Amino acid sequence: MTARPLFFAANWKMHLAPGEARTYLDRFLTMDAPRDGRTVAFFPPAVSLEAVATRLDGIPHYLVGAQDLHWEAKGAFTGATSVHLARGAGASAALVGHSERRHVFGETDAETNKKVRAALNGGLLVILCVGEQLAEREAGQTAAVVARQLRAGLAGVAPGADLIVAYEPVWAIGTGRNATPEDAGAVHQVIRSVLAEMGLPTDTRVLYGGSVNQGNVAQLLAVPGIDGVLVGGASLDPETWAGLCAATAGS
Ligand code: PEP
């Protein structure tokens with residue numbers, strides 16, 4: 001049986017300066033080798049993009065992306081990173097709509113959509129993050145919230161877009177709690193039906209994120225329709241991340 005292609009995304013959030021990122025990758029690359037059918041993506045802070053891209057340059061199946069972008073091409077947007085700036089630093093992908101962007105920085109669905117379209121137009125692979133908050137889950141609104149975020153976030157996106165969706169229940173991010181494989185699988189089905197309703201390919205890759213670690217990754221990847229994981233905390237240590245990336249859909 002051929003292994004299902006898997007995508008492992010490391011969201012470093014506000015950690016690992018350029019020198020630290022280089023040390024991390026030197027260590028990581030002693031423990032992990034590129035593998036056909038598996039992509040390992042690093043999302044460092046903007047200041048470390050170039051260091052990571054330079055260290056990974058020419059190695060297949062590894063990529064680097066921005067954690068966030070501004071939709072405008074350039075201008076007076078202090079602190080923001082445009083698609084052009086991210087690409088210039090070596091990014092080939094971007095996270096868009098991460099829950100911390102939505103709920104810490106107050107990013108709206110409409111802004112998320114502008115970022116998605118700017119990143120796709122600029123030739124980046126987009127990972128659109130969606131997910132409900134705890135109160136929404138407890139009120140039985142998970143499917144409605146995820147569907148709303150998808151419909152708004154992907155408005156105007158063409159079927160051939162270079163797109164991945166990440167389902168990240170907000171209450172599971174950085175909390176040590178995670179959705180059961182069954183719950184995650186059920187939301188992944190909702191995501192695929194919304195993609196179908198929008199005329200987008202139902203074989204779009206869909207990741208799970210939220211307190212994924214070496215102990216639970218295999219169970220999650222065993223769920224049909226979970227095509228990989230987006231990981232924060234457990235990606236910050238190169239040994240832990242290499243161990244996690246060694247998981248396969250069947251292990
Ligand atoms: C994330 O940052 O997207 C994330 C899922 O974080 P953690 O793995 O720490 O829950």
Side-chain angles (χ1 to χ4, degrees), residues 6-16 20-21 24 28 39-49 52 63-69 81 91 93-107 112 115-116 119 124-134 136-137 142 145-146 149-150 153 163-181 183-185 187-188 191 205-221 223 225-247:
L6 293 175
F7 196 99
F8 293 83
N11 176 15
W12 288 354
K13 310 193 187 199
M14 204 165 71
H15 301 278
L16 300 176
E20 294 165 335
Y24 174 113
F28 176 77
T39 302
V40 178
F42 294 90
F43 293 88
V47 293
S48 298
L49 275 173
V52 175
L63 62 84
V64 57
Q67 294 176 9
D68 181 45
L69 292 168
T81 305
L95 297 179
V96 181
H98 188 275
S99 78
E100 286 145 24
R101 298 305 317 170
R102 294 177 190 268
H103 303 300
V104 179
F105 294 97
E107 189 171 299
T112 299
K115 293 180 181 197
V116 166
L124 296 177
L125 161 67
V126 165
I127 300 183
L128 173 66
C129 306
V130 297
E132 82 287 3
Q133 298 183 82
L134 185 58
E136 293 166 331
R137 168 158 286 248
T142 298
V145 168
V146 166
Q149 290 174 337
L150 284 171
L163 176 72
I164 291 178
V165 175
Y167 169 53
E168 299 206 296
V170 179
W171 48 270
I173 298 181
T175 58
R177 296 180 60 186
N178 57 349
T180 62
D183 285 344
V187 178
H188 278 228
I191 291 171
R205 287 170 292 176
V206 184
L207 314 182
Y208 171 79
S211 296
V212 176
N213 57 41
Q214 285 190 32
N216 58 26
V217 64
Q219 253 188 313
L220 288 159
L221 293 177
V223 178
I226 296 188
D227 300 312
V229 286
L230 174 53
V231 181
S235 73
L236 293 178
D237 171 70
E239 272 86 4
T240 308
W241 181 235
L244 207 152
C245 291

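Since we're looking at a predicted model, the values are computed, not measured. Atoms within each ligand, like the ligands themselves, are counted from 1 in listed order.
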CG (Asn178) and CD (Gln219) are apart, to the nearest 0.5 Å, by 8.5 Å

To the nearest 0.5 Å, atom CH2 of Trp241 lies from atom CZ of Phe42 at 7.0 Å

Check whether any side-chain heavy atom of His98 lies under 4.5 Å from a side-chain heavy atom of Asp68, and answer yes or no. no

Just so I know, are the side chains of Val187 and Arg137 near enough to count as touching, which here means a heavy-atom distance under 4.5 Å?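 A side-chain contact under 4.5 Å exists here.
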
Those residues with a heavy-atom separation under 4.0 Å from ligand 1 are Asn11, Lys13, His98, Glu168, Ala172, Ile173, Gly174, Gly209, Gly210, Ser211, Leu230, Val231, Gly232, Gly233

Closest non-hydrogen contact found for Leu49 with Ala66 is CD2-N, 4.1 Å

Residues 205-214 vs salt bridge (charged side-chain N to carboxylate O under 4.0 Å, His left out), sequence neighbours excluded, gives none

